[in-house]
Number of protein chains: 4
Amino acid sequence: MCAVFGVWNHEEAARITYLGLYAMQHRGQESSGIVSLSEGRHFHHKGLGLVADIFKEEQLKALPGKAAVGHNRYSTTGQNLLANAQPLTAEMMSGSLALAHNGNLVNERSLKVELQKQGAIFHGTTDTEVLLHLLSRTPSQDLMQALQQTLPKLQGAFSFVLLAHDRLVAVRDPLGFRPLILGRKKNAEGSWAYVVASETCALDLIEAEVVREIAPGEIFCVDQSGEQSLTFKTISSDSTSTSEAKPKLARCIFEHVYFSRPDSIIFNKSVYESRKNFGRWLAKETAVDADLVIPVPDSGVPAAIGYSQQSGLPFEFGIIRNHYVGRTFIQPQQSIRSFGVKIKLNPQVAVLKGKRVVVVDDSLVRGTTSQKIIGLIRQAGAKEVHMRIASPPTTGPCFYGVDTPQKNLLIASHSSVQEISKFIGADSLGYLSMQGLTEAIDSSSGYCAACFDGKYPTPLS
Amino acid sequence: MCAVFGVWNHEEAARITYLGLYAMQHRGQESSGIVSLSEGRHFHHKGLGLVADIFKEEQLKALPGKAAVGHNRYSTTGQNLLANAQPLTAEMMSGSLALAHNGNLVNERSLKVELQKQGAIFHGTTDTEVLLHLLSRTPSQDLMQALQQTLPKLQGAFSFVLLAHDRLVAVRDPLGFRPLILGRKKNAEGSWAYVVASETCALDLIEAEVVREIAPGEIFCVDQSGEQSLTFKTISSDSTSTSEAKPKLARCIFEHVYFSRPDSIIFNKSVYESRKNFGRWLAKETAVDADLVIPVPDSGVPAAIGYSQQSGLPFEFGIIRNHYVGRTFIQPQQSIRSFGVKIKLNPQVAVLKGKRVVVVDDSLVRGTTSQKIIGLIRQAGAKEVHMRIASPPTTGPCFYGVDTPQKNLLIASHSSVQEISKFIGADSLGYLSMQGLTEAIDSSSGYCAACFDGKYPTPLS
Amino acid sequence: MCAVFGVWNHEEAARITYLGLYAMQHRGQESSGIVSLSEGRHFHHKGLGLVADIFKEEQLKALPGKAAVGHNRYSTTGQNLLANAQPLTAEMMSGSLALAHNGNLVNERSLKVELQKQGAIFHGTTDTEVLLHLLSRTPSQDLMQALQQTLPKLQGAFSFVLLAHDRLVAVRDPLGFRPLILGRKKNAEGSWAYVVASETCALDLIEAEVVREIAPGEIFCVDQSGEQSLTFKTISSDSTSTSEAKPKLARCIFEHVYFSRPDSIIFNKSVYESRKNFGRWLAKETAVDADLVIPVPDSGVPAAIGYSQQSGLPFEFGIIRNHYVGRTFIQPQQSIRSFGVKIKLNPQVAVLKGKRVVVVDDSLVRGTTSQKIIGLIRQAGAKEVHMRIASPPTTGPCFYGVDTPQKNLLIASHSSVQEISKFIGADSLGYLSMQGLTEAIDSSSGYCAACFDGKYPTPLS
Amino acid sequence: MCAVFGVWNHEEAARITYLGLYAMQHRGQESSGIVSLSEGRHFHHKGLGLVADIFKEEQLKALPGKAAVGHNRYSTTGQNLLANAQPLTAEMMSGSLALAHNGNLVNERSLKVELQKQGAIFHGTTDTEVLLHLLSRTPSQDLMQALQQTLPKLQGAFSFVLLAHDRLVAVRDPLGFRPLILGRKKNAEGSWAYVVASETCALDLIEAEVVREIAPGEIFCVDQSGEQSLTFKTISSDSTSTSEAKPKLARCIFEHVYFSRPDSIIFNKSVYESRKNFGRWLAKETAVDADLVIPVPDSGVPAAIGYSQQSGLPFEFGIIRNHYVGRTFIQPQQSIRSFGVKIKLNPQVAVLKGKRVVVVDDSLVRGTTSQKIIGLIRQAGAKEVHMRIASPPTTGPCFYGVDTPQKNLLIASHSSVQEISKFIGADSLGYLSMQGLTEAIDSSSGYCAACFDGKYPTPLS
């Protein structure tokens, strides 16, 4: 879970990138970076934290040029955080190259071992570094050819934006796991600047118009002479995924369930409308006699609105979210119950007291947060608490870039709905069915829902 | 507009204060400070910015003791910001004194001139300093007596929390402009810790229970020997306000309209419910044929829900708010239209296109922000935009601590509703009436609504 | 021990002050501040640490105007460091006033109690605040008259620089404890800018020429209409100090012994030459058979040169000082012997091995540092170590602004020279005699040497 | 010009390294870094600036383990400073490797091109990265063998310290350009910890004893099983340097002239004594009738003492150096003459006025600084100024790690001594002769003095 952004032919490339990254801050808060291109030379700045803290006037001024690539990184564990910050940069035979990656390669380890055997040196722990080494070892001096030869070796999810010394390139894996949008915006001279971004909300802020999605399996390139589009093929180590002439798509359903901003159009669908539909279907499938519907803010809001509209139960903000949230909070030693949840969420007695409450959340992963939230709702005086999850039980980890925990930490992988309901302290618990999910998003195929149904669309190592 | 907080007899006084201030961050983001008391000595730390950035483990460790007072300051213009940060501290004959103030004194200037004539030295530009000087010049060595003698000289709005070397004192002006809540919480030894705070949401986070409001005109004190409550009288320079035996209350209606957190109970009423009621009354008074109701997030949300429930029009989040908002954003020189609004708010085409939209906001001050928001909503394809304001036209500035601009900048002070509607580009504009406001909050008296009706409850200098 | 600086009528007043403070950084490293004056209004910035860290382009740009006053503060113990940073500022009846002080008032406590009885509020723990309150309570609206009436109430050491809304004032106490130099420098328009500074080295850096010392008991003022000089009288609470028509001077001998920079001219004498003379006299009085003379760098260097020239023993840098010294160093837990000394000073085997060494230092206070240095010199292989101190035994604390410890921590207050020699591990120890000190500086009277001879020139409270 | 440091088998490895780097701060102030080793895993922290600012308790605590390697980097121009900070780290087939380098490779460019042709990716602009790639491409999995095979490909100056997952390795180039010292220190368990450092002054501070120099052409390794020493041979691309069985040494004379700390023993000689000898020979060769000898502090001090002792002229500190020097100083726009020099150095009128002065400096590169210093000395009233340089004319740039400017900026490369004397404004100018230099350091061979005599000991590309 990360954000990528690129811009070509705009006189304020770094500032445009900065705003694009800011609009996609929700996709990664660990670190951000921008590499700009001026007169064939790269300039870069990276930092830990939020975009608006990392980049100030001084930093943006030091990123000249008319093209840039940027990246937000999602928080992970482990040290060396800045070393993993992207865009990665490399000095190769063919010149400087900067690379931003959203997704996850499933065959990273075997590629890495092979490259190390050949003498490659790795500097961080990110899988993205692998592509740089593969490109660097490709005989072709032409970046497009090199990509065509190299990309088929990668398995997994990848939306790449590359900035070379002379062009901007956007790549999306053949299954289209992660979104990648192409947009355009008039520059000061009145000609078109090209923009690529993980989400359309980034285009909205910078007043760029959406052109189209980068297609699965496409290598899109723009340079001084114009744009160019190529495709590449995957060499699969598994027969199933190549038996068909045209690969089935595996667009990540979780982008619609939770990850993208509600105001983005992802895979040509409004995320907000998808979530409302999940809520509507959820209401159909898990109706309950109650007084009101409340969301777990902010991620449960659209589904709760859908649930309310379908069920006719009034929608209320029974839990208020404090948005002044920093990185860490200092807790008294004489511990406050459910501190981690309470620092963000405050259930209201005035709304909840004596009421039968339907609580809608987007998904349920470990169950511990739901347990705390339900505890707080009961403390606020709710008579009944009915938990409703606007997606199916999460039973499997994601290997394509969503930061779900390992399988045994997913409560639905080993507990029944009734057991989970008891664990979280709900009067009842209802999930959206797989069929409901599928119908709600109006697509019987073309999505990866492996976290819900265990059908992983690539071989796993 | 500020937040005050105090705690007495809790072994983690500074941490409790830190959390209380964090919960009330919305009342002031310019600066924060905490003064703690240990063995008769004061320790303090103040800083510019947000509570979670100013106070880290190191700073909290340097604030020992079982009592503390804290303050969040609202952003104002001018230099010397840190010099104005509260709590103010003073070394007097009677010992150290720390003071936090929410409100505004209307006779500050005349008091200041008189004090300077007597040789008083001022260090900042805040009106709060006046009280310290008045107390210091009072013959009585007893703080309670000194307050009883001094407070009647003050005119205007004041909720004070004072920390002396031996006690915590909470004071509220006789008209009760600003809220001030008394709470309690068990400490580690099982005895009661006392807490005072501007809003109940601060008590919620620290798991304190609400005891009661500090009464208008009350001096509440707690020390080693227990609690004590006194009242004080105002010497008015104007006959109108003292002609009655019991002063009419002038509780700030704007706390319910906009300023307090929706999950707080202010003046014994739920803010969320008040806002929903404003929305309901607004729907009754300004009904319009439309497809959906959307709030200007976050402040317009409860009123929009009320409007939706009353009108039967569906409630939707047509505008998505980005909450990763820093202090400043760097804008491209090739300016983005309505940048200041767009950096926070993004209207959704998927929700708004081709629709007749009712937009609900809490209040309308200058009109410029509404103008920009309506422009963005139209760009997103709305067919009609009906602006609805969940309070009456703002026609007068506030002299009691709300940061409204001067009269000529208040668009409703010189323009008719129709003119404003045209200025902001709405298809129609509707305000809540004064009567609607009054009935919605179910109190024909006891509130100051001077910003709407011009009836200022104190003489003005 | 602090530095004061002021400038009037120079278009780059804040930058000039910044450089003056930088040149006098040795007089105080705890905090620094500058207040500038532009169009009758004060602008200020203060910070903890070193001048070059506190003031950057941004801070200096925010200090406009053609006049400024600055201060470096010496490190002291206790909290609230920034609150004590100078220049102090006050808003009074007569306008804004900024005040910088070098010295120490011996009757601060009684003045403070009296002022507090009258209702004065103190904000820090510095004695300097007293003058602001006294001035503010003086009936006269004219600053010069107010100073003439107020200054006689102060006892002790004070070199003040004041910046009012319309003038710069420099004041020196009647006994002239601390230095204060008047200089001038051509401004961009070709007219004279006035400069006052604690030491001449500040004038050297900014290319100002020395005019004269501010005289003991003088109030020097410069404003738009030109310069003016007044004197004031002390009302003594002790008959001894006023029995004479003209007060004896009490210029601090320690400025020459240790405190001032060697390249300054203090009390009309070169500090470097004074120290060399102390070394020469020391050599005459404490001759010993040895191979070489080494200083404890940097403060012992001039005296060691003088000792070498007088004795004929070769001068060598037997101890090398590391000048990259930060505020704190992290020591291994498995402690390094004499870490605090070793982090700064490294004795050289190549110079010291097998040699009989005379080690010259400026003064000996507690004896602990000398003990460590001698230990390190012996480790480096010196055959004999003869400690020579270029001042008499320090037997009394200073009440006039030098940060000597209390009497019982002064080793010479309770130990004989022989005992001290044994304690520090020297083969011999020799001090400069009081007579030697007096003759070396060529002045039988006019100096305060109370730290050596116990003759305090003012009554002590 | 950099500092390297390594430690093995000490329980406070990171703290020891921190102190070692602090002691060698003079060798590089741009950036510092430490990599520690704990349970086969590397931990690192790097930063821009001074050691004592980069490493605080928090950073050192995050560097666990009993082995560490550290580096100080000299300031260079260009961006991406942190990317060039050392130690460099790499993940290879054989595990993690950290590398610190003092010196400069003269065949870096050709090696880099060849490596890039083979697909190697470079991340920074430092030549040091080349060794990592060469090692990574060496078939042998054994680090010692890999080094033996790889090091002969490098030409130029290199003192390396490497930390692998299981050992510490120290390497010195066959000509021994840069120093590298082996020391040892008892650890808490009473066994020996090994230490390697660029200079002995680092061993002094941490109380380690000197064992010996790492020999030119030696690979020294220490791991759990003990120490090991190998040699390696150079494959020269030039017949001259391998025609002899044993390569002539090319120890850098400039370490003694200027670069090392005076209290270090470099190439088995005291730097302080070398400089004094340079001064003595200089006095013999360039005697002049004068009143006193002064150094340009600090680098000219030992030579000036030597000059004084040889000539009999008295040694004085005619110029006082201010050691509170930050990174940058803000200069008034109305410029101060010779600001850059004056901010550090202040000539004393009291010492210089009317005197004939011999000024001793270690070397003269561009001539511009000497010009300014002489100007200031004349302003201070000196009657005659005789410049004496304790090394020969600098006529050639260094390609082995000393940051001398390009040839045409070296004044002695195109101007006669008389012309230089005129340019700098001296009454006379005298350099130490090459013969004097050679005799003073008592070694007719074994040194590289190419910056003085143009005899570069390696082929240059």
Side-chain angles (χ1 to χ4, degrees), chain A residues 11-12 15-16 18-19 22-23 25-26 29 50-53 55-57 60 187-188 201 204-207 261-263 265 270-273 276 298 301-302 305 308-309 314-317 319-320 322-334 336-337 342-343 346-351, chain B residues 11-12 15-16 18-19 22-23 25-26 29 50-53 55-57 60 187-188 201 204-207 261-263 265 270-273 276 298 301-302 305 308-309 314-317 319-320 322-334 336-337 342-343 346-351:
Chain A
E11 50 288 322
E12 302 196 77
R15 277 154 212 263
I16 292 290
Y18 156 83
L19 290 174
Y22 163 71
Q25 186 72 79
H26 63 290
Q29 296 100 45
L50 299 180
V51 174
D53 294 330
F55 296 96
K56 303 289 181 188
E57 193 60 42
L60 291 177
N187 65 20
C201 66
D204 292 345
L205 177 56
I206 61 166
E207 297 187 325
R261 252 175 67 166
D263 49 336
I265 308 298
S270 156
V271 173
Y272 180 83
E273 294 297 335
K276 266 183 58 189
D298 290 335
V301 169
I305 290 174
S308 162
Q309 290 177 356
F315 171 87
E316 298 283 357
F317 268 91
I319 305 172
I320 298 298
N322 184 351
H323 284 103
Y324 293 101
V325 174
R327 302 225 111 207
T328 50
F329 283 95
I330 294 155
Q331 183 171 188
Q333 294 174 308
Q334 181 192 343
I336 285 176
R337 276 165 295 168
K342 198 175 270 174
I343 200 77
N346 191 22
Q348 298 198 65
V349 174
V351 172
Chain B
E11 49 288 323
E12 302 195 77
R15 276 155 212 263
I16 291 292
Y18 156 81
L19 290 174
Y22 163 71
Q25 186 74 78
H26 63 290
Q29 296 101 43
L50 299 181
V51 173
D53 294 330
F55 295 97
K56 303 289 181 188
E57 193 62 41
L60 290 176
N187 65 21
C201 65
D204 292 345
L205 176 56
I206 61 165
E207 298 186 325
R261 253 174 67 167
D263 49 337
I265 309 299
S270 156
V271 172
Y272 180 82
E273 294 297 334
K276 266 182 58 188
D298 292 335
V301 170
I305 290 174
S308 162
Q309 291 177 356
F315 171 88
E316 299 282 357
F317 267 91
I319 304 173
I320 299 298
N322 184 350
H323 284 104
Y324 294 100
V325 173
R327 302 226 112 204
T328 50
F329 283 95
I330 294 155
Q331 184 171 188
Q333 294 174 308
Q334 181 190 344
I336 285 175
R337 277 164 294 166
K342 197 175 271 175
I343 200 78
N346 190 23
Q348 297 198 66
V349 174
V351 173

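Order of the sequence lines sets the chain letters (A, B, ...), proteins ahead of strands, with each chain counted from 1. These numbers come from a predicted model, not from an experiment.
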B:F317, part contacting chain A, at a heavy-atom distance under 4.5 Å
both
Which one of B:D204, B:I206, B:N346 has the most heavy-atom pairs closer than 4.5 Å to chain A?
B:N346
Output the option from B:C201, B:S270, B:P262, B:A23 having the highest count of non-hydrogen pairs under 4.5 Å with chain A.
B:P262
Between [X] and chain B, with a heavy-atom cut-off of 4.5 Å, which part of the residue counts as in contact: side chain, backbone, both or neither?
| X | answer |
| --- | --- |
| A:E273 | side chain |
| A:N187 | backbone |
| A:R261 | side chain |
| A:Q331 | backbone |
| A:I343 | both |

Considering all heavy atoms, the nearest [X]-[Y] contact:
| X | Y | result |
| --- | --- | --- |
| B:I305 | A:F315 | CG2-O, 3.5 Å |
| B:Y22 | A:Y324 | CE1-O, 2.7 Å |
| B:Q309 | A:P314 | NE2-CB, 3.9 Å |

Among A:E207, A:R15, A:Q25, the residue with the most heavy-atom pairs under 4.5 Å to chain B is A:E207
For the pair B:H323 and A:H323, name the ring-plane relationship: parallel under 30°, tilted 30 to 60°, perpendicular over 60°.
parallel
Do [X] and [Y] have side-chain heavy atoms sitting under 4.5 Å apart?
| X | Y | result |
| --- | --- | --- |
| B:L205 | A:N322 | no |
| A:L19 | B:I336 | yes |
| A:D263 | B:V351 | no |

To the nearest 0.5 Å, tell me how far B:D298 CG sits from A:D298 CG.
7.5 Å
